[in-house]
Number of protein chains: 2
Amino acid sequence: MLRVTKLADYGIVMMTYVASRGGATHNARDIASEVRLPLPMVSKVLKQLVRGGLLVSQRGTKGGYGLARRPEQITVAQIIHALEGPIAVTQCTDKVRGDCDIETKCPVRTNWFMINQAIHGALEKITLAEMTQPLRHQLVTLIDPGTRAEAGTGTNLTAGAYEQHG
Amino acid sequence: MLRVTKLADYGIVMMTYVASRGGATHNARDIASEVRLPLPMVSKVLKQLVRGGLLVSQRGTKGGYGLARRPEQITVAQIIHALEGPIAVTQCTDKVRGDCDIETKCPVRTNWFMINQAIHGALEKITLAEMTQPLRHQLVTLIDPGTRAEAGTGTNLTAGAYEQHG
DNA sequence: CTATACAGTACCAAAACGGTCCGGAATCCT
DNA sequence: AGGATTCCGGACCGTTTTGGTACTGTATAG
Ligand code: FES
Ligand code: FES
């Protein structure tokens, strides 16, 4: 699965909606009806996004929510982080010590750490500005194929722009 | 979070252990004591790995588990798939139709799909052979920086205002 | 025939998820 | 000032998933 929670999913949809409407402020009710989600849920997500510093809120009659900064400065990683905490593929990648029982014996810890870093770095590079339109840049491979072996199983992306280096 | 379940985590540790010991067969009890996990859990994971076609099993007195193919042919993505189903970051990336309620209105569907593909492709490229030793190849970027917009060298989170309010 | 070791499945507690609700607090309008 | 509007901070709760265990059955070596 490797799931992201629905909260984060909703959050990204909502952020995308706000971003697509320029910088104007929208209240929760409008957003809810626009993205077709129940108001309480939308409200909850918006609150967390404010806490995460991605939106700014204005109370009162003409209140609402607006982006905290330019869409180019808001990344998918930040949204996920705001809604479900730090990105950590396993429980052992983030902690420094003592959490995992088999830690010392574990031969894959460092590997997970690097995989995690890579995924995080990837999500960090996708901005809201890019989400408002279908991604047109190429998604390329994550791993430097220095040690490719013969793992030539198919199902690759059509990695056209693939920069080989080293 | 973007978590992988503990089952998959255990599975990778166990697969790595078996791979590091060449192709010999190991029984569940040995593996359990070696990776320091309770036997029933280890047994459960191993069974699922067999069903997923990653291990082969031999019953009887001298039975045990062994790799189904060479470590270079076994990928992290395959292990995750065997233990927790197809990799799908959101619920809407995998299904073809009708699952999501806001589907038609959703502007980020295709983007999620590509992100998902990229992550899957990444995990598909990490083999067991590489997991047995600390990754020495470089993890590189996931996104082709062709259409970078003006995201610039940023990561400047404290960019301050972006005053959009009236 | 018997001990060993995997296979399948059912079961259960605890945690996380998804969603709702309500009493405040700030802001605007009259 | 007073009320209407809108966000804020929680608590709350049913359902699903996760993490882990147990038990019965089947194949195999000796
Ligand atoms: S499983 Fe926890 S450190 Fe490897
Ligand atoms: S959230 Fe389901 S299709 Fe976009």
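All heavy atoms count here, side chains included; hydrogens, waters and symmetry mates do not. Just so we're on the same page: letters track the sequence lines, and every chain starts at 1.
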[N], OP1 or OP2 - any side-chain N/O from [X] closer than 4.0 Å?
X	N	answer
A/Tyr10	C/dG18	no
B/Ser57	C/dA5	no
B/Arg51	C/dA7	no

Nearest heavy-atom neighbours spanning B/Thr16 and B/Met131
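For B/Thr16 and B/Met131, the tightest heavy-atom pair comes out as CG2-O, 3.8 Å.
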What heavy-atom pair brings B/Ala28 and B/Val42 nearest, and what distance separates the two atoms?
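Looking at all heavy atoms of both residues, the shortest contact is O-CG1, 3.9 Å.
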Rounded interatomic separation in angstrom, taking [atom1] from [X] and [atom2] from [N]:
X	N	atom1	atom2	answer
A/Met41	D/dC8	CE	P	16 Å
A/Arg59	D/dC8	CZ	P	6 Å
A/Arg3	C/dA16	CZ	C1'	14 Å
B/Ile31	C/dC6	CD1	C1'	12 Å
A/Leu46	D/dG9	CG	C1'	15 Å
A/Lys62	C/dC29	NZ	C1'	11 Å
A/Asp30	D/dT5	CG	P	14 Å
A/Asp9	C/dC17	CG	P	14 Å

Where each residue is assigned the nucleotide of DNA chain C containing its nearest heavy atom, which of A/Leu7 and B/Ala28 is assigned the position nearer the 5′ end?
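Upstream on the strand: B/Ala28.
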Considering heavy-atom distances to DNA chain C, does A/Gly63 or B/Gly63 have its closest nucleotide positioned more toward the 5' end?
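On the 5' side of the pair lies B/Gly63.
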Do B/Thr25 and B/Gln58 have side-chain atoms, one donor and one acceptor, less than 3.5 Å apart?
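No, no side-chain donor-acceptor contact under 3.5 Å.
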Counting heavy atoms from C-beta on, name the nucleotide in [options] closest to the side chain of [X].
X	options	value
A/Lys44	C/dG18, C/dA5, D/dG19	C/dG18
A/Lys6	C/dG18, D/dG30, C/dT27	C/dG18
A/Tyr65	D/dC8, D/dG20, C/dG8	D/dC8
B/Gln58	D/dT28, D/dT5, D/dG9	D/dT28
B/Asn27	C/dA5, D/dG10, C/dG18	C/dA5

Taking the side chain as everything from C-beta on, heavy atoms only, tell me whether A/Asn116 gets closer than 4.5 Å to A/Ile87.
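They are in contact (side-chain heavy atoms under 4.5 Å apart), so the answer is yes.
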Less than 4.5 Å apart, side chain to side chain, heavy atoms only: is that true for A/Leu37 and A/Tyr10?
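A/Leu37 vs A/Tyr10: side chains touch.
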Determine the contact category for B/Lys47: base if any of its heavy atoms lies under 4.0 Å from a base atom, sugar-phosphate if only primed atoms, P, OP1 or OP2 are that close, otherwise nothing.
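Result for B/Lys47 = base.
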